[in-house]
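Quick notes on the structure that follows.
What's counted below: heavy atoms across the whole structure, side chains too, no hydrogens, waters or symmetry copies. Numbers restart at 1 for each chain; the letters A, B, ... are given by sequence-line order, proteins then strands.
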Amino acid sequence: MPHPRFELPPQYDPRAVERELYARWVEAGVFHARVDSPKRPYVIVMPPPNVTAVLHMGQGLNNVTQDVLIRFERMRGREALWLPGTDHAGIATQNVVERLIAKEGKTRFDVGREAFVERVWAFVRETGNAILAQLKELGSSCDWSRTRFTLDPAYSQAVRETFVRLWEEGLIYRGHRVIHWCPHCLTALSDEEAEAPETPEAGKLYYVRYPVPDDPAGHVTVATTRPETILGDTAIAVHPKDRRYVRLVGKTAQVPIANVAIPIIADEAVDPAFGTGVVKVTPAHDAADFEIGLRHALEMPLVMTPEGRMEHPTRVPPPLAGLDRFAARAEIVRLLTAQGLLEKVEPHPYAPRRCYRCDTIVEPRLSDQWFVRMQPLAEPVLAAYRRAEFQIVPERWHATFEQWMEHIRDWNISRQLWWGHRIPVFTCTKCRHRWADRADPARCPKCGGPVEQDPDVLDTWFSSWLWPFATLGWPDQTADLGRFYPGHTLVTAPEIIFFWVARMLMAGVHFMDGRLPFTTVYLHGTVRDTQHRKMSKSLGNGIDPLDVVRLYGADALRWMLIAGSSLGSDVLLDPNDLDTTFSPGRNFANKLWNIGRFVLAQLPERVQPLEAYDISGLPLADRWIVLRANEAVRAVTAYLEEFKLDEAAKRCYEFVWGELADWYVEAVKPRLAGDERTAAAAHSVLAHCFDTALRLLHPVVPFITEALWQKLPGRAEGELLAAAPWPAFRPALVDAELDRQFLLVRQVVEKVRVIRAEYRVPPKARIRATITPRGRDARGVFEAERETIKRLAQIEELALDGGARGVGAYALFGDGSELFVALGEAINVGQECRRLSGELTRLEQQLTGLEAKLGNQQFVARAPADVVAKEREKERAWRDQRQLLADKLRALGCS
RNA sequence: GGGCGAAUAGCUCAGCGGUUCAGAGCGCCUGCCUUACACGCAGGAAGUCGGGGGUUCGAAUCCCUCUUCGCCCACCA
């Protein structure tokens, strides 16, 4: 009879334990990293999610990965710090609030800067940080006492400090050039923020004639995808060596519609093979044309408003003025056709970049922005990388990383937004003196005149790149900074390797005396659906991680994310079939739970530690499983060290299910029922192996392992698995011979099972019921059953014939466990196994002969068909009901 | 246009510097409600490891090439 203390339900219910366990971890301070700890630190800074974000699968993968690493190192005795926080996410957050006030029919300009920013703050205070609470549901073991936000006053000070330092070092400059401009967000974007589409769309290439009065041909034909930019043309360019057109160079062409005369110039940048080999140059609305414009000192008129409407005092004729750029394109095409200047239109793949936040097609636009000179920052990082001072896993990102670092371009850091860190550049309205300042100045330090601050804010990533040290109190030399910088592992998605990772490395080297912020960059894959599409809200193909937590438990979700994909490869999930995806994790948790139930029901109040035994004196099965546990420790530790988290998880699975449950537990059952002395050793071994399994699995599935570990005997008050030491590998235990011996036994048992299955030998209980007269049930003895009894008797006879001590018979009619005991006690296991194996082979032959003699009737009577049918029906109904429930929950969670 | 990755059982993937490598989970088939677990147990069917060529005694595993998918980067108007 199990102790009432161990009466656990036969199925693991995650919801019954998760919340309470998480609270216990937090209360016990397990996640809190102590500055004064003597332990060596291990630090991961969380990629801060947007403050208003809602948890999605990608973040699930990201955070679970970090949690596995941090829990592993924590158990290994490091002072583990996982620093959480959120990002103010300039454009993203501002857009959300702008959409809100748009419902009131207002724009941010109606509201005004100050009121708008206050509005965003209110929104953030109200709905922000929800994601951090969601991370807790996944079991994330962050040090919440150190939660940071990129707009915290202290953090803002750090941002300002870096800007001023870079300014003082001459690394920040005002650039007048063509940048990516979002006509919807009304701001500049960095190169990384203007995304090229995955596949080009079907566009058109328009062949437009520009009259050239003093040329015999009378015109030159230019191919363009964006006819609306014609109005901004200030030159026509051909390649200097293009024989077809050299005669034109120096002549004057007439811009259609705008009716402006522009020069025809020669420039190397022109590709003679494209289109007609003649290019129209629009310096203010095309980055390449801008370069040409610089070389030839061309005029650079803007012909659009920031909103993307056509506008220019002389170049845009009245009917086009105020027209949206795409409407203008259609209208211009119409006009060109009417004037006979549109030679032809060809289909052409067109891949305009889009704003990464609102998906609007970006308009290249000449404007004044602040830039950071990147090359001086990138060079030392690249050098450190080549000296292998930090690594990127998986390795395949090496080339990509190096290529980008080598060809790094200056970083446009100003945004025409209101939500973010205001650029600390001040201008004296009187003497035009301009400087960057750590504090807001009252007046000009040069002439005492009034000052005004730059209206723009900094790119969000300009605060993110300081994350590894600004979160620890920099620029102040805090205790945290001294203790926890530099960190160790950065876990993130490859999408933001340039946005964020590379820049953090640069900031670390530049501002932290050349000390890199981490030693390993771990790049995990992207979560996609079965059609390989990135999971996203807009596509509607997402799986809400919290739905999964509710339906299958946090551990099942974690299991899928960790065991389900190898290092750096994408995770494919089917949003339409959660069960296929997440039941393996749930099933495994349930298996673990039931092993726990079994173990706990067997173990007495006090169990001798395994150390009390001389292992070499234990039975074969005991020695073997202790060996396997030790091997699991070695393998799992090594895998985790190599960042092969999936392998680590799978190795645990194999040990727990394939070795501990399938073989040891089965083998040990008869002994547990035996006298106390033989049972005692088994208790110690069971307790040891189960404890080891729980420790090894804890980083991946923290909840269920903690729940079970709490119930193991000998637990002290307040002791937590989350803070328990990682098991140590013991090289002395390795014994290849022992493995071989056990394998032999295993093979004999498997052989027995094959025979039993092949000849449909029923389980022991049924045989007894069938053979003994009182086992005959009310349905009476059927003819077939009478036959069965006869045949079973014959099988038994055969088996007994061949084997000493009736081992074969045991094997055949038992469940294999008796055989274990018998073989385990054999003086020479190998010899005994070989003998038995031969015996079984002979038995099998005899059975085959017997079967042939008796005809093709089965050896065993089946249960009457109607009974079977009824059972099946019952099961099906139960399953349907469960599925129904699951569907309902899912619908609830998604809506 | 460059760079990278993937093609292995019906599905999702592991194995990749040559010796039990042809595997796992799910699905499928056949028995079992054997008092830890039917979210389970036992047994089983299933792949000429994308096509072609090469190196070798021997290749999913190394080399070349082709095909198909996917990703990243790039100022082709």
Side-chain angles (χ1 to χ4, degrees), chain A residues 2 6 8 10-12 178 191 196 198 205 222-226 229 237 269-271 273-282 286-292 348 351 364 394 396-400 402-404 407 494-495 497-498 525-526 528 530 532-534 552 556 560 563-566 568-574 577 579-581 583-602 646-647 650 653-654 658 661-662 665-666 669 750 752-758 760-766 814-817 858 860 862-863 871 874-875 878-879 882:
Chain A
F6 302 132
L8 304 174
Q11 279 187 3
Y12 170 56
V178 170
D191 293 335
E198 291 186 12
L205 192 58
V222 164
T224 179
T225 54
R226 299 196 301 148
T229 62
V270 179
D271 175 6
F274 184 88
T276 57
V278 186
V279 163
K280 59 191 248 359
V281 182
T282 321
D286 184 283
D289 290 2
F290 173 74
E291 298 293 326
I292 297 177
H348 185 75
R396 82 178 97 96
W397 290 98
H398 284 205
T400 311
E402 283 203 20
Q403 205 179 342
W404 191 79
H407 303 109
E495 286 106 281
I497 187 166
F498 305 134
T526 308
R528 299 174 188 280
T530 40
H532 298 261
R533 298 178 306 179
K534 199 187 278 190
Y552 301 90
M560 165 58 219
S565 78
S566 60
S569 61
D570 289 348
V571 180
L572 270 60
L573 302 177
D574 187 351
D577 189 0
D579 218 52
T580 296
T581 313
S583 59
R586 179 203 53 195
N587 294 356
F588 179 53
N590 196 238
K591 186 71 181 180
L592 203 59
W593 181 256
N594 276 290
I595 296 169
R597 286 215 308 154
F598 176 80
V599 170
L600 292 171
Q602 300 301 329
D646 60 318
E647 298 284 0
K650 287 175 194 160
Y653 181 98
E654 178 55 25
D662 285 352
V665 167
E666 293 308 323
K669 273 177 180 171
E750 274 165 352
V752 167
R753 285 176 182 164
V754 170
I755 295 173
R756 282 169 53 92
E758 194 138 330
R760 295 166 183 273
V761 178
K764 207 167 17 178
R766 191 125 141 242
D815 52 15
S817 51
Q858 290 189 320
V860 175
R862 292 158 167 279
E871 280 302 310
K874 243 163 70 184
E875 172 147 344
W878 183 78
R879 270 207 187 133
R882 209 180 62 78

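Taking atom P on both B:rA42 and B:rU34, the two are 14 Å apart, rounded to the nearest angstrom.
There is no side-chain donor-acceptor pair under 3.5 Å between A:Y12 and A:N594.
Not counting sequence neighbours, A:H407 has no partner by the ring pair (Phe, Tyr, Trp, His ring centres under 6.0 Å) test. Partners of A:T276 by side-chain hydrogen bond (donor to acceptor under 3.5 Å, both in side chains), not counting sequence neighbours: none found. Checked against ring pair (Phe, Tyr, Trp, His ring centres under 6.0 Å), A:F588 has the following partners two or more places apart in sequence or in another chain: A:W559, A:Y653. A:A288 meets the side-chain contact (heavy atoms from CB on, under 4.5 Å) test with A:D286; sequence neighbours excluded. Under the salt bridge (Lys or Arg N to Asp or Glu O under 4.0 Å) criterion, A:E402 pairs with A:R386, not counting sequence neighbours.
Take the nearest nucleotide of RNA chain B for A:S583 and for A:Q403: the residue whose nucleotide is more 5' is A:Q403.
Both key distances under 3.5 Å define a Watson-Crick or G-U pair, and stretches of 3 or more such consecutive pairs in RNA chain B run B:1-7 with B:67-73, B:10-13 with B:23-26, B:28-32 with B:40-44, B:50-54 with B:62-66.
Ranking B:rC26, B:rA77, B:rG40 by closeness to the A:V279 side chain, first place goes to B:rA77.
Residue-level contact check: A:V665 touches the bases, meaning some heavy atom is under 4.0 Å from a base atom. At the heavy-atom level, A:E654 lies nowhere under 4.0 Å from the strands shown. Among the heavy atoms of the strands lying under 4.0 Å from A:A661 is at least one base atom, whether or not backbone atoms are also near.
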